[in-house]
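Every chain is numbered from 1 and lettered A, B, ... according to where its sequence line falls, protein lines coming before strand lines.
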Protein chains: 2
Amino acid sequence: MKPKLTLKKIAKELDVSISTVSKALRDSPEIGEETREKIKAFAKHYNYKPNNIALSLKNRKTKTIGIIIPEIVHHFFTTVISGVEKVANEMGYNVLVCLSDNSFDKEVLNMEMLANGSTDGFILSLAKETMQKGDYHHLQEAINQGMPLVLFDRVVDSIACDKVIIDDVAGAKKAVQHLLDVGCRRIAMISTVDYVSVGKLRTKGYKEALEENDIEFDENLILKIEEMEDSEKEIEEFLSNCEVDGVFAVNEHFAISAVKTLQESGKKVPQDVSVIGFTDGELSKRFIPGLTTVSQHGMRIGEESARLLIEKLERTPTEEDYYKTIIVETGLVVRDSTKSKK
Amino acid sequence: MKPKLTLKKIAKELDVSISTVSKALRDSPEIGEETREKIKAFAKHYNYKPNNIALSLKNRKTKTIGIIIPEIVHHFFTTVISGVEKVANEMGYNVLVCLSDNSFDKEVLNMEMLANGSTDGFILSLAKETMQKGDYHHLQEAINQGMPLVLFDRVVDSIACDKVIIDDVAGAKKAVQHLLDVGCRRIAMISTVDYVSVGKLRTKGYKEALEENDIEFDENLILKIEEMEDSEKEIEEFLSNCEVDGVFAVNEHFAISAVKTLQESGKKVPQDVSVIGFTDGELSKRFIPGLTTVSQHGMRIGEESARLLIEKLERTPTEEDYYKTIIVETGLVVRDSTKSKK
DNA sequence: TTGTATGCGTTATCAA
DNA sequence: TTGATAACGCATACAA
């Protein structure tokens with residue numbers, strides 16, 4: 001086992017000083033042509049690479065960004081990681097991934113862990129529990145310490161920072177409007193609990209769409225699910241107790257459970273009931289019938305988040321501080337789970 | 001914005017030396033009760049946390065482990081990340097995630113990036129291109145530099161390091177045996193190209209199962225897919241050109257494409273053709289019909305990998321070097337896509 | 001009981 | 001043109 005080459009070792013080997021080696025490798029004109037070439041040749045031959053940690057300490061920059069996501073079952077979040085990773089790597093950054101498991105404590109712990117020098121900034125989607133508690137001191141603290149923060153998907157208004165979201169209200173409206181367009185009149189919604197920002201917003205969009213089409217809103221047609229775990233059973237119970245011709249679900253898992261339940265109870269999708277989901281993932285794509293969804297472009301969200309964060313990181317500190325909210329367009333991917341009933 | 005607290009600042013504030021502060025915070029008996037308490041109280045009040053980077057430089061340990069995976073579309077890999085992350089966090093480690101996108105160059109680049117001090121060791125599943133080229137110098141280099149390496153899933157014999165795999169041959173055999181048990185006689189296999197270790201091994205298992213049941217092996221019943229991209233079309237063409245009553249696919253995507261194609265051509269699954277997949281992910285679980293699969297326990301693979309790596313990292317260097325290969329048991333999850341034809 | 005000096009690997013400043 | 005020195009934040013052997 002040969003330990004890593006350092007400036008010191010090169011210096012010793014070539015019988016020059018450390019600073020000479022450092023300068024030569026950075027092509028400083030201070031160093032004479034001959035010595036410079038000699039040093040560079042040596043370094044190249046033995047494949048010298050500067051130590052990132054030392055650089056981090058010196059520059060007070062780690063060139064890594066931390067991303068904390070609530071859960072990994074949702075394909076959406078993994079595509080966001082993918083987008084972040086892509087942009088980050090292009091810009092010479094590494095990506096530290098942490099999972100909060102939707103737990104407030106784990107989220108705080110993760111942030112503390114990374115805030116002590118491991119990362120230059122954060123990209124984060126809030127844990128369910130955090131939104132429920134409404135306790136965001138850890139976010140504010142990071143910002144106060146000069147660590148930029150980008151929130152995506154599950155964000156909160158009260159924190160001033162960059163944000164990347166989709167227009168959840170408009171997306172939901174689009175979904176419900178589509179159901180109305182294909183002839184649905186009694187449309188159920190399967191949502192998450194209200195304290196999750198996206199759940200609330202999508203519910204708003206649902207209501208607005210109904211309103212605009214002069215359809216009465218019925219509280220009983222909304223199911224709010226707390227835990228992914230029990231979702232299947234809850235959906236089954238819910239749907240067996242209400243007569244509907246359309247279902248709007250806030251994620252693919254719920255949508256698929258809905259289809260399953262409906263089929264098992266003898267209804268046909270889309271002939272009897274149309275079902276639309278949110279977040280266009282593998283599940284929607286591969287499912288039979290192919291699931292009509294509002295596409296959420298996780299990849300793009302990740303890319304935008306990373307760009308935003310890196311921009312802030314590389315900005316000269318004198319520039320004025322202001323925050324952007326980027327809204328990534330949603331699309332409507334029509335597949336086989338919704339169909340005109342005429 | 002208040003910059004981070006350092007030992008230096010505390011020392012200055014309390015008018016003691018840096019080392020006194022350092023020792024006091026580490027509960028050294030060298031320091032007098034009174035000063036110690038004073039310093040600790042101060043540190044606690046202002047929430048002092050040592051700088052990870054400085055610690056890394058000092059200890060020549062980063063307490064982070066790097067994981068490089070080939071692609072993130074497969075739910076399997078994300079569950080592995082999840083498992084790694086879990087164990088790592090429990091042991092006080094961070095996780096750096098990189099994607100190789102199945103590209104040899106990106107894999108090498110990622111490793112070089114992380115090897116310069118960013119990580120203490122690697123957990124890695126080989127890129128397709130890497131296996132095709134058979135060029136593993138970057139792995140050997142990392143090992144030579146004293147960075148432990150754990151390979152999982154897509155591994156290679158010629159590199160001496162810890163490995164976490166499943167018994168692919170046995171898993172495949174199990175799958176095919178199940179198809180035989182439910183009465184299938186002409187069983188197609190949808191695999192990956194041979195240079196991907198798991199593709200080769202699972203093909204072996206397929207053959208062995210047939211042999212043991214005195215069924216003739218037919219080369220034409222095997223489809224080898226190179227790119228995920230074109231898989232759907234290839235599978236469609238393949239299945240429309242051969243009459244089978246069972247299909248064994250090496251991942252869920254292929255399995256689902258098979259079901260889709262079969263159904264579109266008027267065949268019923270499982271009544272006419274039984275289909276079994278590999279890797280028990282969301283797709284298999286949620287699909288209709290529920291997909292029978294060989295379960296691969298990505299979470300466990302991740303956990304074992306992390307444990308193995310950390311064990312090596314924390315071992316005293318004098319201990320003898322030896323490598324383990326952990327084989328994680330596969331299971332058979334029977335759902336609705338396979339059914340007895342009696 | 002406390003403080004000084006040194007080093008981890010770099011780079012930047014300044015002196016030779 | 002080159003080299004010595006200090007600094008980034010921390011820990012520790014050793015000196016006071």
Side-chain angles (χ1 to χ4, degrees), chain A residues 2-40 42-43 46-64 92 114-120 145-147, chain B residues 2-40 42-43 46-64 114-120 145-146:
Chain A
K2 55 160 197 254
K4 273 243 133 187
L5 198 53
T6 66
L7 289 185
K8 201 188 206 175
K9 286 180 199 151
I10 300 183
K12 195 165 151 195
E13 207 64 40
L14 262 43
D15 205 36
V16 288
S17 80
I18 296 182
S19 50
T20 304
V21 177
S22 173
K23 286 172 188 163
L25 292 180
R26 326 195 87 240
D27 268 329
S28 159
E30 283 184 40
I31 306 299
E33 176 90 17
E34 201 185 341
T35 1
R36 204 193 323 159
E37 287 313 320
K38 185 180 64 179
I39 293 174
K40 288 179 76 171
F42 185 92
Y46 290 103
N47 191 29
Y48 168 78
K49 293 271 166 52
N51 180 309
N52 287 333
I53 295 293
L55 287 179
S56 296
L57 187 58
K58 181 115 246 295
N59 304 329
R60 326 271 208 90
K61 290 197 177 172
T62 61
K63 285 283 205 170
T64 86
L114 301 193
N116 301 314
S118 301
T119 340
D120 294 337
Q145 282 179 15
M147 305 201 60
Chain B
K2 56 160 197 252
K4 274 243 135 190
L5 198 55
T6 66
L7 289 187
K8 202 190 207 173
K9 287 178 199 153
I10 300 183
K12 197 165 149 195
E13 208 63 42
L14 264 42
D15 206 36
V16 288
S17 81
I18 296 181
S19 57
T20 303
V21 178
S22 173
K23 286 172 188 162
L25 292 179
R26 323 198 90 242
D27 267 328
S28 159
E30 282 185 40
I31 305 298
E33 176 91 15
E34 200 186 341
T35 0
R36 203 190 327 157
E37 286 315 318
K38 186 180 66 179
I39 292 174
K40 287 180 78 171
F42 185 92
Y46 289 103
N47 192 28
Y48 168 79
K49 293 272 167 52
N51 180 308
N52 286 333
I53 295 293
L55 286 178
S56 297
L57 187 58
K58 178 119 251 292
N59 304 330
R60 327 270 209 93
K61 287 195 178 174
T62 62
K63 285 282 204 171
T64 88
L114 300 193
N116 300 314
S118 301
T119 336
D120 294 338
Q145 283 179 16

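One N or O on the side chain of Thr119(B) and one on the backbone of Leu114(B) form a donor-acceptor pair closer than 3.5 Å. Between the side chain of Ser28(A) and the backbone N or O of Ala24(A), no donor-acceptor pair lies under 3.5 Å. The closest donor-acceptor contact from the side chain of Asp120(B) to the backbone of Lys63(B) lies under 3.5 Å. Side chain of Lys9(B) to backbone of Lys4(B): a donor-acceptor contact under 3.5 angstrom is found.
Atoms CD1 (Ile10(B)) and P (dA11(D)) sit 11 Å apart, rounded to a whole Å. dT10(C) atom P lies 14 Å from atom CD1 of Ile53(B), rounded to whole Å. For Arg60(A) and dC10(D), the CZ to C1' distance is 14 Å, given to the nearest whole Å. One interatomic measurement links the two molecules: CG of Asn59(A) to P of dG9(D), which rounds to 12 Å at whole-angstrom precision. In this structure, Asn52(B) atom CG and dA11(D) atom C1' are separated by 15 Å, rounded to whole Å. Between the NZ atom of Lys38(B) and the P atom of dT1(C) there is a distance of 15 Å, rounded to whole Å. Between the P atom of dG9(C) and the NZ atom of Lys49(A) lies a distance of 17 Å, rounded to the nearest Å. Here dA11(D) presents its C1' atom at 15 Å from NZ of Lys8(B), a figure rounded to the nearest Å.
Base contact: Leu7(A) has a heavy atom under 4.0 Å from a base atom. Ser19(B) comes within 4.0 angstrom of a base, heavy atoms only. Residue contacts for Lys58(A): at a heavy-atom cut-off of 4.0 Å it reaches a base atom on one of the strands shown. Nucleic acid contact class of Thr6(A) (heavy atoms, under 4.0 Å, all strands): sugar-phosphate only. Here Thr35(A) lies in heavy-atom contact (under 4.0 Å) with sugar-phosphate atoms only. At a threshold of 4.0 angstrom between heavy atoms, the contacts of Leu55(A) are confined to the sugar-phosphate backbone, with no base atom among them.
Between Ala54(B) and Gly32(B), the residue whose closest nucleotide on DNA chain C is further toward the 5' end is Gly32(B). For the pair Glu30(A) and Ile18(A), nearest-nucleotide mapping onto DNA chain C gives the more 5' position to Ile18(A).
Here Tyr48(A) does not reach the OP1 or OP2 of dG9(C): none of its side-chain N or O atoms lies under 4.0 Å away. Between Arg36(B) and dT1(C), a side-chain N or O to OP1/OP2 separation shorter than 4.0 Å is absent. In this structure, Ser17(A) reaches the dG3(D) phosphate: one of its side-chain N or O atoms is under 4.0 Å from OP1 or OP2. Phosphate proximity of dT12(D) to Arg26(B): present, with a side-chain N or O under 4.0 Å from OP1 or OP2.
Checking dC14(D), dC10(D), dT10(C) against the side-chain heavy atoms of Lys23(B) singles out dC14(D) as nearest. Nearest nucleotide to the Leu57(A) side chain, out of dC8(D), dC14(C), dT12(D): dC8(D). In this structure, of dT2(D), dG3(C), dG9(C), it is dT2(D) that holds the atom nearest to the side chain of Ile31(A). The nucleotide whose nearest atom lies closest to any side-chain atom of Asn51(B) is, among dC10(D), dA11(D), dT10(C), dC10(D).
The two residues Thr62(A) and Gly117(A) have their closest heavy-atom pair at CG2-O, 2.7 Å.
When side chains are defined from C-beta on, Ile39(B) counts as touching Leu14(B), because their heavy atoms get closer than 4.5 Å.
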